[in-house]
Peer 1: 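Sharing a structure here in structure tokens format.
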Amino acid sequence: QVHLVESGGGLVQAGGSLRLSCSASGKIFSINDMAWYRQAPGKQRELVAHITNDGITNYADSVKGRFTISRDNAENSVHLQMNSLKPEDTAVYYCNAGVITWRGSVFDTDVYWGQGTQVTVSS
């Protein structure tokens, strides 16, 4: 089975930086798109940053110019460098990935989510 595990969350002051990491493990043939989402209390989960297998990225307007998403296909990992953090960035951040798995000669594609990591930005 595939598992995504996030790390790097924590408490920082406004203007500070954090680097989130997410590593996938399991019977992975390949990983397609990867993304970071976040969910603040009382709000819906929203897309923060997205990266294709070819490295094409897109960002939510609220984080554009401050956050950078990257991936390491050899390590089955994705990262989110967050700079100039603001209190409104406070949320639980979730890793997301489309993963191709196999069992024998049978292949399947599914979307997986990490358990989330808390990011809190104080004023």
Side-chain angles (χ1 to χ4, degrees):
Q1 187 60 266
V2 174
H3 298 277
L4 305 182
V5 179
E6 300 102 333
S7 62
L11 173 64
V12 297
Q13 290 188 321
S17 298
L18 284 174
R19 181 176 173 84
L20 305 183
S21 297
C22 172
S23 296
S25 61
K27 295 184 69 66
I28 299 170
F29 178 76
S30 65
I31 300 178
N32 295 322
D33 291 6
M34 305 185 79
W36 287 95
Y37 288 75
R38 68 186 181 187
Q39 187 166 22
K43 295 185 177 181
Q44 295 188 111
R45 190 171 299 185
E46 65 174 349
L47 177 66
V48 177
H50 172 268
I51 185 168
T52 70
N53 192 44
D54 294 328
I56 301 173
T57 61
N58 70 276
Y59 300 89
D61 289 340
S62 60
V63 307
K64 196 170 298 182
R66 298 187 298 121
F67 291 9
T68 302
I69 188 171
S70 61
R71 64 188 292 165
D72 186 338
N73 290 338
E75 298 293 332
N76 291 328
S77 64
V78 63
H79 309 274
L80 186 68
Q81 179 66 46
M82 305 185 294
N83 298 326
S84 302
L85 283 162
K86 305 174 180 179
E88 51 262 45
D89 295 318
T90 296
V92 177
Y93 284 70
Y94 296 91
C95 177
N96 171 276
V99 181
I100 301 176
T101 60
W102 82 99
R103 183 182 178 89
S105 61
V106 178
F107 291 81
D108 193 20
T109 302
D110 292 288
V111 176
Y112 292 87
W113 292 89
Q115 82 288 349
T117 184
Q118 177 70 49
V119 172
T120 303
V121 184
S122 62
S123 60

Peer 1: Please answer: with hydrophobic residues joined when any side-chain heavy atoms are less than 4.5 Å apart, are Ile100 and Val78 in the same cluster?
Peer 2: no
Peer 1: Taking 4.0 angstrom as the limit, do Lys64 and Asp61 come out as a salt bridge?
Peer 2: yes
Peer 1: Quick one, Val119 and Met82 - any side-chain contact, counting heavy atoms below 4.5 Å?
Peer 2: yes
Peer 1: Check whether Arg71 reaches the backbone of Asp33 with its side chain - one donor and one acceptor, N or O, closer than 3.5 Å.
Peer 2: no
Peer 1: Side-chain contact test, heavy atoms from C-beta onward, threshold under 4.5 Å: evaluate it for Gln81 versus Ser17 and give yes or no.
Peer 2: yes
Peer 1: Pick from Tyr93, Tyr94, Trp113: which one makes a side chain to side chain contact (heavy atoms under 4.5 Å, CB included) with Glu6?
Peer 2: Tyr94
Peer 1: Mind checking whether Asn76 and Val99 have side chains closer than 4.5 Å, heavy atoms only?
Peer 2: no
Peer 1: Taking the six-membered ring for Trp and the single ring otherwise, decide whether the centroids of Phe29 and Phe107 are under 6.0 Å apart.
Peer 2: yes
Peer 1: Just wondering, more than 12 heavy atoms not from Glu88 lying within 6.0 Å of its CD?
Peer 2: yes
Peer 1: Please name the pair of heavy atoms, one in Ser23 and one in Ser77, separated by the smallest distance, quoted to 0.1 Å.
Peer 2: OG-CB, 4.1 Å
Peer 1: For a quick test of reading the model, state the closest non-hydrogen atom pair linking Leu47 to Ala35 and the distance between them.
Peer 2: CD1-CB, 3.8 Å
Peer 1: Just to verify, which of Val63, Ile69, Asn96 counts as forming a side chain to side chain contact (heavy atoms under 4.5 Å, CB included) with Val48?
Peer 2: Val63
Peer 1: Could you tell me if the side chain of Arg45 sits less than 4.5 Å from the side chain of Val92, heavy atoms only?
Peer 2: no
Peer 1: Out of curiosity, His50 NE2 to Asn58 CG, how far, rounded to the nearest 0.5 Å?
Peer 2: 6.0 Å
Peer 1: Any donor-acceptor pair under 3.5 Å linking the side chain of Thr120 with the backbone of Thr90?
Peer 2: no
Peer 1: Any side-chain heavy atom of Tyr59 sitting closer than 4.5 Å to one from Arg66?
Peer 2: no
Peer 1: So do Ser25 and Val5 actually touch side chain to side chain, heavy atoms under 4.5 Å?
Peer 2: no
Peer 1: Does Ile31 share a hydrophobic cluster with Leu20, counting links as ILVMFWY side-chain heavy atoms below 4.5 Å and allowing steps through other members?
Peer 2: yes
Peer 1: Quick check against the 3.5 Å criterion: does Glu46 have a side-chain atom that pairs as donor or acceptor with the backbone of Arg38?
Peer 2: no
Peer 1: Does Asp108 come within less than 4.0 Å of Arg103, counting only side-chain N to carboxylate O?
Peer 2: no
Peer 1: Looking only at heavy atoms, which two atoms of Ala49 and Leu80 are closest? And how far apart?
Peer 2: CB-CD1, 4.0 Å
Peer 1: Find out whether Phe67 and Leu85 are in side-chain contact, i.e. whether some heavy atom of one side chain is under 4.5 Å from a heavy atom of the other.
Peer 2: yes
Peer 1: Go through it in stages, so that I can follow the logic: the residues are Tyr112 and Ile28, the test is side-chain contact (heavy atoms from CB on, under 4.5 Å), and I'd like the CA-CA distance, side-chain angles, deciding distance and then a yes or no.
Peer 2: CA-CA 12 Å; Tyr112 292 87; Ile28 299 170; over 6 Å; no
